[in-house]
Amino acid sequence: MNQHDSYINKIHAQLDELTLTLDDLEKTIKEKSHQAHVAYTNEMTDLRIKLVELRSKLDELKAASADNWESLKEHIEVLHRAFVSTYSYFKEEVKRNELKKEQIL
């Protein structure tokens, strides 16, 4: 397996893992109050759209010529870091709101 294939497989595995964690977070959100569920649904939709964009860029990378490889690779890495950062922030926000609710009760 060459370096390009190895990199693509690594990113693909990371995107699969992120999809699973999004699914878990979505299940948690569905258990929240209706108001919280509605508020979080928009965020989840945005995260899913960004994940689809990442997968699309990964498909472009698979078909990229050697000249475009590095540029696309860098773009995917930026998108990936941005996604993970947004996801982490959102997940922490859900936890913070959960803790606030518990403190009120």
Side-chain angles (χ1 to χ4, degrees):
M1 181 180 299
N2 66 30
Q3 187 177 12
H4 292 198
D5 291 340
S6 177
Y7 178 80
I8 287 170
N9 288 339
K10 178 183 100 174
I11 295 297
H12 185 66
Q14 289 174 352
L15 294 180
D16 287 346
E17 184 178 326
L18 287 169
T19 298
L20 292 175
T21 59
L22 271 181
D23 292 344
D24 289 342
L25 185 57
E26 192 166 38
K27 287 176 190 173
T28 300
I29 289 169
K30 286 181 180 179
E31 297 170 356
K32 305 289 179 204
S33 70
H34 177 71
Q35 182 181 3
H37 176 70
V38 169
Y40 292 144
T41 297
N42 291 335
E43 292 293 330
M44 287 299 298
T45 300
D46 289 344
L47 284 169
R48 295 237 182 245
I49 289 169
K50 289 177 182 175
L51 196 56
V52 168
E53 290 173 5
L54 266 166
R55 288 192 184 279
S56 175
K57 286 294 178 190
L58 186 60
D59 288 341
E60 286 181 37
L61 187 64
K62 289 176 186 177
S65 66
D67 294 337
N68 293 337
W69 172 264
E70 283 300 320
S71 175
L72 280 171
K73 180 182 170 191
E74 289 173 16
H75 188 71
I76 285 174
E77 289 174 355
V78 168
L79 289 174
H80 183 264
R81 282 192 302 271
F83 179 86
V84 169
S85 176
T86 301
Y87 168 78
S88 297
Y89 177 80
F90 178 60
K91 185 176 177 181
E92 288 303 313
E93 185 67 22
V94 170
K95 284 183 183 179
R96 274 194 299 277
N97 286 336
E98 196 171 276
L99 289 175
K100 286 179 189 176
K101 184 178 177 183
E102 288 175 3
Q103 291 171 351
I104 291 172
L105 299 174

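If you're wondering where the values come from, they're calculated on a predicted model, not measured in any experiment.
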Checklist entry - For Glu77 and Tyr7, does a side-chain donor sit closer than 3.5 Å to a side-chain acceptor? => result yes
Next on the checklist: Side chains of Thr86 and Arg81: any donor to acceptor distance under 3.5 Å?
Outcome noted: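 On atom types as modelled, these side chains do not qualify, holding no pair under 3.5 Å.
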For the residue pair [X] and [Y], what are the closest heavy atoms and their distance?
X	Y	result
Leu18	Thr21	O-OG1, 2.8 Å
Leu54	Ile76	CD2-O, 3.8 Å
Glu93	Tyr40	O-OH, 4.0 Å
Lys73	Leu61	N-CD1, 3.8 Å
Leu47	Phe83	O-CE1, 3.1 Å

Distance in Å, [X] [atom1] paired with [Y] [atom2], rounded so as to fall on 0.5 Å steps:
X	Y	atom1	atom2	value
Thr19	Leu51	OG1	CG	4.0 Å
Leu58	His80	CG	NE2	10.0 Å
Leu72	Glu74	CG	CD	9.5 Å
Thr41	Glu26	OG1	CD	7.5 Å
Trp69	Gln3	CH2	CD	8.0 Å

Item to check | Lys10 and Asp5 ion-paired at < 4.0 Å | outcome: no
Item to check | Cationic N near anionic O, under 4.0 Å, Asp24 to Lys91 | outcome: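 No, this pair does not count.
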Next on the checklist: Between Ser56 and Val52 (side chain of the first, backbone of the second, donor and acceptor by atom type, cut-off under 3.5 Å), is there such a pair?
Outcome noted: no
Next on the checklist: Check for me whether Arg96 meets the cation-pi criterion with Phe90, that is, NZ or CZ under 6.0 Å from the six-membered ring centre and within 45 degrees of the ring axis.
Outcome noted: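 No, a cation-pi geometry is absent between Arg96 and Phe90.
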Next on the checklist: Consider salt bridge (Lys or Arg N to Asp or Glu O under 4.0 Å). Of Lys57, Lys62, Arg55, which one does Asp59 pass it with?
Outcome noted: Lys62
Item to check | Verdict with supporting geometry, Ser6 and Asn9, side chain to side chain contact (heavy atoms under 4.5 Å, CB included) | outcome: CA-CA 5 Å; Ser6 177; Asn9 288 339; 5.9 Å; no
